[in-house]
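In what follows, a structure is listed as structure tokens, so that the remarks can point back to it.
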Amino acid sequence: MTLSMVGSVLCAACGDDDEVNDNFVISNLKVTTENMIFPKEGGEQTFYVQSTSTPTVASDQAWCGVNVGTTTNHLKVTPVVVKAEAMTTELTDRTAHITVNAGGQTVSVNVQQTAGDRVVVDKASVSVAAEGGTFDINVTSNGNYTVSTDASWLTETAKNSGTHTFTAAYNPVTSERTATITFTLNNEKAVVTVTQAAAQASSITATAGDIAKMMYPGWNLGNTMEGGNNADNYKNSGISTETSWQGTKTTQAVIDFVKAQGFRSVRIPTAWVMGHITNADEMTIDEAWMNRVKEVVDYCITDGLYVVLNDHWDGGWLESSFDDISDASVNANAEKLRKLWTQIAAAFRDYDEHLLFAGLNEPNCDSQSKTNALIKYEQAFIDAVRATGGNNAMRTLVVQGPQTNINNTDSWFDATKLTDPAGAGHLMVEVHFYDPPQFSGVWEGDRPIWFWGADNHVDGDSHNASSMEESYVLSQFQKMKKKFADKGYPVILGEYGANWRKLSANQDKHDASIRLYHKTVCQRAVECGMVPMVWDVNVANQNGEAGIMTVINRTAASVFCSFAMDGITEGVAAAQWPY
């Protein structure tokens with residue numbers, strides 16, 4: 001309303017003292033309104049006073065301020081500016097009363113501020129460390145509100161009345177990131193901004209090629225951390241499974257002895273799903289088991305050894321699943337694998353380049369189509385590890401060929417189909433070697449082979465090898481060199497070995513065969529850019545039972561099969577790394 005309009009209204013009311021104009025409460029002291037309404041956001045409104053003397057104006061509420069303007073000489077009209085502050089925590093409407101006094105008369109102006117839909121938070125912003133963590137936001141509201149976040153790394157994990165608990169995941173990237181939490185009641189919104197600090201950059205600068213040439217020869221802590229019963233898949237059997245397949249608990253002294261034999265790396269086959277899950281839906285790994293695995297890894301790291309930590313057969317939950325490679329099955333298994341490796345990688349995030357992760361063990365892929373599914377699993381493994389950031393951003397990762405069989409891997413496995421956020425040079429490929437199986441002992445059939453290598457044959461003996469001897473070893477390993485090592489993918493020969501048997505005759509020829517086999521495998525592997533890691537199950541007998549491959553007697557802290565150990569030492573000494 002303009003001043004001239006106010007004057008017109010007021011003058012019309014002054015023609016007769018007995019005349020009462022609807023615009024005024026009292027004839028001699030007149031105001032243009034007796035009620036004012038403000039929204040919850042507050043603001044300013046003006047009313048006008050006409051009186052014969054200068055009015056005094058006061059509000060009875062601090063949130064409702066008044067400012068009396070200058071009275072005009074002609075009309076005796078005084079503007080009064082009313083300013084309502086924004087409502088911050090109030091959930092209900094509020095009122096104030098403005099009293100106008102002049103010439104012994106009093107007029108009241110009622111002021112109401114409407115709360116409307118109200119949702120109020122106790123903070124507008126939160127800062128979180130790169131490591132992640134939890135924080136609370138306290139909310140008050142006069143209605144039922146909803147809660148949402150705009151980032152997958154920020155989730156609501158608990159609610160107790162109006163207190164909401166949120167958890168921020170680890171920030172894997174080396175830049176700050178932000179997200180918002182929004183509390184909504186109809187058209188009313190309260191927004192909290194969450195800022196998370198940047199992660200530290202990886203301290204790992206070594207490539208897979210740098211590391212591989214430091215790892216040979218390698219040794220397997222076999223039948224130990226992967227022990228258990230596959231009836232216990234997705235259950236928690238505790239840490240006693242370590243001695244379920246062999247009787248010696250791993251100690252620093254055991255690893256010290258392994259190192260003393262000249263080994264420079266240790267592969268730790270490990271079960272996670274088989275007997276160490278506390279929540280199957282989330283694939284939650286038992287904390288006590290994780291801590292025990294870390295202890296064993298630390299024994300090796302303390303000795304300066306390189307470590308390959310994997311998800312071994314693990315009850316076959318994934319490695320035996322390749323009969324069903326439908327999209328639904330592969331996607332579901334890939335998600336389980338992602339959850340599993342996210343936890344493992346997070347637990348070991350700060351370890352340096354001496355620790356390598358291997359996604360699986362011997363995936364049972366016997367066709368190209370199954371190998372295509374394997375590629376999807378390997379990609380899920382890589383993505384899960386890289387997403388945890390820190391040193392995992394550049395850690396060397398090991399991916400397995402189909403059945404870890406050299407021929408199948410050469411034919412079907414294409415490492416270039418894998419995308420690694422770390423860039424080129426941080427992946428290794430894994431294969432195993434147990435040829436001929438009748439000699440290694442993984443399968444003996446009707447005619448076990450005891451004598452291997454042309455110089456170790458016994459004339460006329462049916463237990464002589466007739467194929468898969470020295471030249472075969474070289475030709476097989478050259479396939480891996482040509483397809484992978486020469487192209488920047490060093491190869492882990494994750495398992496090899498042969499049963500040392502007790503014979504009734506020609507024991508010397510058999511002992512020499514064991515020695516030559518281990519020498520040949522080690523020498524040719526190294527020469528082809530492969531890291532040989534002997535399989536060792538800590539069963540000190542020579543009864544010929546399938547799979548009983550033991551080099552070191554851990555209980556006695558002694559070398560059980562000196563012929564295998566001597567062959568490994570000789571093979572490494574005779575070889576030269578090709579890169």
Side-chain angles (χ1 to χ4, degrees), residues 215-222 257-267 305 406 431-442 448-458 463-465 467-478 480 491-503 506-542 544 547-554 556 558-577:
M215 291 178 63
Y216 64 87
W219 176 83
N220 273 272
L221 183 71
F257 185 79
V258 170
K259 181 183 180 181
Q261 308 318 304
F263 291 106
R264 297 200 292 172
S265 61
V266 174
R267 181 172 179 259
L305 299 169
I406 288 176
V431 293
H432 297 170
F433 185 78
Y434 287 117
D435 291 338
Q438 300 96 326
F439 177 72
S440 68
V442 294
I449 294 173
W450 300 335
F451 310 113
W452 188 89
D455 291 341
N456 297 319
H457 289 186
V458 175
H463 299 291
N464 291 327
S467 63
M468 298 184 177
E469 296 187 284
E470 295 100 311
S471 62
Y472 172 81
V473 173
L474 178 59
S475 66
Q476 289 295 92
F477 293 175
Q478 284 176 333
M480 298 295 93
V491 178
I492 294 283
L493 186 61
E495 295 179 17
Y496 73 93
N499 284 355
W500 182 39
R501 300 164 174 84
K502 186 70 172 178
L503 305 182
N506 299 307
Q507 183 70 48
D508 58 336
K509 289 289 188 178
H510 175 63
D511 295 345
S513 298
I514 294 292
R515 184 171 186 160
L516 179 62
Y517 184 82
H518 286 81
K519 177 182 184 296
T520 303
V521 170
C522 280
Q523 178 179 346
R524 298 311 186 191
V526 172
E527 290 172 347
C528 290
M530 304 171 69
V531 179
M533 308 190 82
V534 69
W535 184 245
D536 196 330
V537 299
N538 193 36
V539 179
N541 68 55
Q542 296 174 254
I548 303 302
M549 302 174 199
T550 297
V551 179
I552 291 175
N553 184 333
R554 300 179 215 165
S558 63
V559 173
F560 171 66
C561 184
S562 61
F563 304 104
M565 191 70 250
D566 289 346
I568 292 169
T569 302
E570 293 168 3
V572 169
Q576 183 174 351
W577 190 254

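Atoms considered below: every heavy atom in the structure, side chains included; atoms not considered: hydrogens, waters and symmetry mates.
- Residues passing the side chain to side chain donor-acceptor pair (under 3.5 Å) test with His457, sequence neighbours excluded: Glu469.
- For the ring pair (Phe, Tyr, Trp, His ring centres under 6.0 Å) test, residues two or more places apart in sequence or in another chain that qualify with Phe560 are Trp500.
- For Gln438, the side chain to side chain donor-acceptor pair (under 3.5 Å) criterion is met by no residue, not counting sequence neighbours.
- The minimum heavy-atom distance linking Asn464 with Val458 is given by the pair ND2-O, 2.6 Å.
- The nearest pair of heavy atoms linking Met533 to Ile492 is SD-CG2, 3.9 Å.
- By the side chain to side chain contact (heavy atoms under 4.5 Å, CB included) test, Ser558 is found to be paired with Asn553, Ala556, residues two or more places apart in sequence or in another chain being considered.
- Take Tyr496 and apply the ring pair (Phe, Tyr, Trp, His ring centres under 6.0 Å) test, not counting sequence neighbours, and it matches His518.
- Legend: residues meeting side chain to side chain donor-acceptor pair (under 3.5 Å) with Gln478, ordered by chain and number and at least two apart, are absent.
- Arg501 meets the salt bridge (Lys or Arg N to Asp or Glu O under 4.0 Å) test with Glu444; sequence neighbours excluded.
- A pairwise comparison of heavy atoms in Trp452 and Met468 identifies NE1-O, 2.9 Å as the closest pair.
- Residues forming a side chain to side chain contact (heavy atoms under 4.5 Å, CB included) with Arg524 (at least two apart in sequence, or on another chain): Val473, Leu474, Phe477, Thr520, Glu527.
- Judged as a salt bridge (Lys or Arg N to Asp or Glu O under 4.0 Å), and not counting sequence neighbours, Glu470 has no contacts.
- Qualifying side chain to side chain contact (heavy atoms under 4.5 Å, CB included) partners for Ala454, counting only residues two or more places apart in sequence or in other chains: none.
- Applying the side chain to side chain donor-acceptor pair (under 3.5 Å) criterion to Trp450, with sequence neighbours excluded, gives no partner residue.
- The side chain to side chain contact (heavy atoms under 4.5 Å, CB included) test applied to Gln476 returns Ile406, Asn407, Phe433, Tyr472, Lys479, not counting sequence neighbours.
- Residues Leu305 and Ser265 share a closest heavy-atom pair of CD2-N, 4.2 Å.
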